[in-house]
Amino acid sequence: MLEYFKRLYAKDSLSFYEEVEKSLKNKRRMFIVTANPETFSYGEKSENFNKLLLDQKTTLIPDGIGIVKAARMLKFNVKERITGIDLATKLLEICNKNKYKLCLIGAKEEVLQSLIAIINKNYPNIKLGTCENGYINNKDSYFEKIKKEKPDVCLVALGIPNQEELIYKHIEKFEKGVFVGVGGSFDVLSGSKKRAPKLIQKMNIEWLYRIIKEPKRIKRFYNNNVKFIFKVKKLKNL
Ligand code: UDP
């Protein structure tokens, strides 16, 4: 797990957004993984996920507060959280400003349609390419279409680990483009789900808000976060 911490982006969010924008301007390719404790535990469980996290071409950003706190405990100098939802919002702004092409994969059909309507209204310069919901079996087929469209940005909202594995499987087909797995961001960006109020975000207890809103998350939280804390403590004592 230490290897994952070493690979975390350590500067502030503004610097990161600038790097992403530069990468887009220079038509480079970027695969961004938004890391939280669940991400690291998938890496430890799955050989393929471990490979994608350690790939030099993958950029790992600290999405969850658990990752930031753990990194600091282990003496890694990680500046702040850079969340998937903030990154997705920033990417919409960048795409709108530069008239970039955007593809959207994932979420339920009605969520996706609401998001498309919001993009058409609030980000009118974005050129939308493939937009498909995340509930068909053969999601690889989407990438055959996307490959021909050569998008600047592709947001994949299928949840971990599917979104990262799908991107990683196909990314070599692309010469340029920013590809990110954004979890439940489409639900929030479309207005289908509310993000925690600003104060709760500031207090770094957004995770608690999500559990209270969706109690079925508790098992997932326990399995990934509680075990994660023990592992980090062990690493700290090495
Ligand atoms: N999802 C999907 N296809 C699936 C399973 C999930 O498109 O087969 C979508 C789901 O609708 C949601 C997102 O993936 O929009 C995952 O959201 P979740 O809140 O679990 O992600 P988190 O932000 O917690 O990683």
Side-chain angles (χ1 to χ4, degrees), residues 4 8 31-46 49 52-53 58-68 81-92 102-119 130-143 145-146 154-170 179-196 200-201 204-228:
Y4 306 151
L8 277 176
F31 171 30
I32 304 168
V33 174
T34 66
N36 51 51
E38 199 171 2
T39 318
F40 285 7
S41 62
Y42 266 109
E44 294 203 307
K45 279 190 292 211
S46 145
F49 211 88
L52 75 83
L53 290 179
T58 305
T59 305
L60 270 185
I61 58 170
D63 177 353
I65 187 63
I67 287 288
V68 173
R81 287 178 76 194
I82 308 173
T83 67
I85 178 75
D86 288 333
L87 174 63
T89 310
K90 192 73 200 168
L91 282 167
L92 291 183
L102 169 71
C103 291
L104 303 170
I105 301 294
K108 296 195 181 113
E109 183 61 24
E110 62 269 26
V111 170
L112 183 69
Q113 290 309 324
S114 309
L115 178 57
I116 292 171
I118 285 176
I119 290 176
T130 292
C131 295
E132 298 281 0
N133 74 59
Y135 291 87
I136 69 152
N137 282 333
N138 182 11
K139 295 180 194 77
D140 294 303
S141 64
Y142 293 158
F143 273 83
K145 270 170 77 186
I146 295 174
C154 181
L155 302 179
V156 184
L158 298 170
I160 183 176
N162 297 343
Q163 55 194 21
E164 286 80 12
E165 288 181 341
L166 189 68
I167 295 173
Y168 196 59
K169 187 168 168 192
H170 294 281
F179 294 78
V180 201
V182 290
S185 297
F186 290 5
D187 300 282
V188 176
L189 291 171
S190 65
S192 315
K193 275 190 196 168
K194 271 208 166 65
R195 191 175 176 189
I200 289 183
Q201 290 177 35
N204 285 322
I205 50 168
E206 211 168 348
W207 56 274
L208 184 60
Y209 177 89
R210 291 187 89 184
I211 290 175
I212 292 168
K213 283 270 171 190
E214 293 171 74
K216 62 175 191 300
R217 283 184 180 271
I218 191 103
K219 190 164 169 231
R220 190 172 151 190
F221 178 83
Y222 177 81
N223 281 340
N224 294 296
N225 292 265
V226 177
K227 288 179 189 164
F228 174 79

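Order of listing sets the numbers, starting from 1, for every ligand and every atom in it.
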Subject >> Lys145: partners by salt bridge (Lys or Arg N to Asp or Glu O under 4.0 Å), with sequence neighbours left out >> reply: Glu132
Original post:
Considering residues at least two apart in sequence or located in another chain, which fulfil the salt bridge (Lys or Arg N to Asp or Glu O under 4.0 Å) criterion with Lys169?
Top reply: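 With neighbours one apart ignored, the set is Asp140.
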**OP:** Scan Lys193, Lys219, Lys194 and name whichever one has a salt bridge (charged side-chain N to carboxylate O under 4.0 Å, His left out) with Glu214.
**Re:** Lys193
Top protein contact for [atom], by heavy-atom distance:
| atom | result |
| --- | --- |
| atom 13 (C) of ligand 1 | Gly183 O, 3.5 Å |
| atom 23 (O) of ligand 1 | Gly184 N, 2.9 Å |
| atom 19 (O) of ligand 1 | Arg217 NH2, 2.6 Å |
| atom 8 (O) of ligand 1 | Gly134 O, 3.5 Å |

**OP:** Would you check the N or O atoms of Gly106, main chain and side chain alike, for any that come under 3.5 Å of an N or O of ligand 1?
**Re:** no
Original post:
Short N/O distance, under 3.5 Å, between Val182 and ligand 1?
Top reply: no
Original post:
Are side-chain heavy atoms of Ile61 and Leu8 found at a separation under 4.5 Å?
Top reply: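 Ile61 vs Leu8: side chains apart.
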Subject >> Close side-chain approach of Arg210 and Lys213, heavy atoms under 4.5 Å >> reply: no
Subject >> Presence of salt bridge, Asp187 and Arg195, under 4.0 angstrom >> reply: no
Within the structure, is a non-hydrogen atom of [X] found at a distance of less than 4.0 Å from ligand 1?
| X | result |
| --- | --- |
| Tyr135 | yes |
| Ile160 | no |
| Glu38 | no |

Original post:
Taking only heavy atoms of Arg210, which atoms of ligand 1 are found under 4.0 Å from at least one of them?
Top reply: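 Taking each heavy atom of Arg210 in turn, ligand 1 has 19 (O), 22 (P), 23 (O), 24 (O) under 4.0 Å.
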Original post:
Which atoms of ligand 1 are found less than 4.0 Å from any heavy atom of Ala157?
Top reply: 7 (O), 9 (C), 13 (C), 14 (O)
Original post:
Where do Asn133 and Ala107 come nearest, in terms of heavy atoms and distance?
Top reply: CB-O, 3.2 Å
Original post:
If you look at every heavy atom in Cys154 and Ile146, which pair is closest and at what distance?
Top reply: SG-CD1, 4.2 Å
**OP:** Tell me which part of Asp187 gets within contact of ligand 1: side chain, backbone, both or neither, using heavy atoms under 4.0 Å.
**Re:** side chain
**OP:** Would you kindly specify which portion of Arg220 sits under 4.0 Å from ligand 1, judged on non-hydrogen atoms: side chain, backbone, both or neither?
**Re:**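 Side chain only.
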Subject >> Given Trp207, Tyr209, Phe228, the one that forms ring-ring contact (aromatic ring centres under 6.0 Å, His included) with Phe221 >> reply: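 Exactly one candidate clears the test, Trp207.
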**OP:** Report the member of Gly159, Gly181, Ala107 with the shortest heavy-atom distance to atom 16 (C) of ligand 1.
**Re:** Gly159
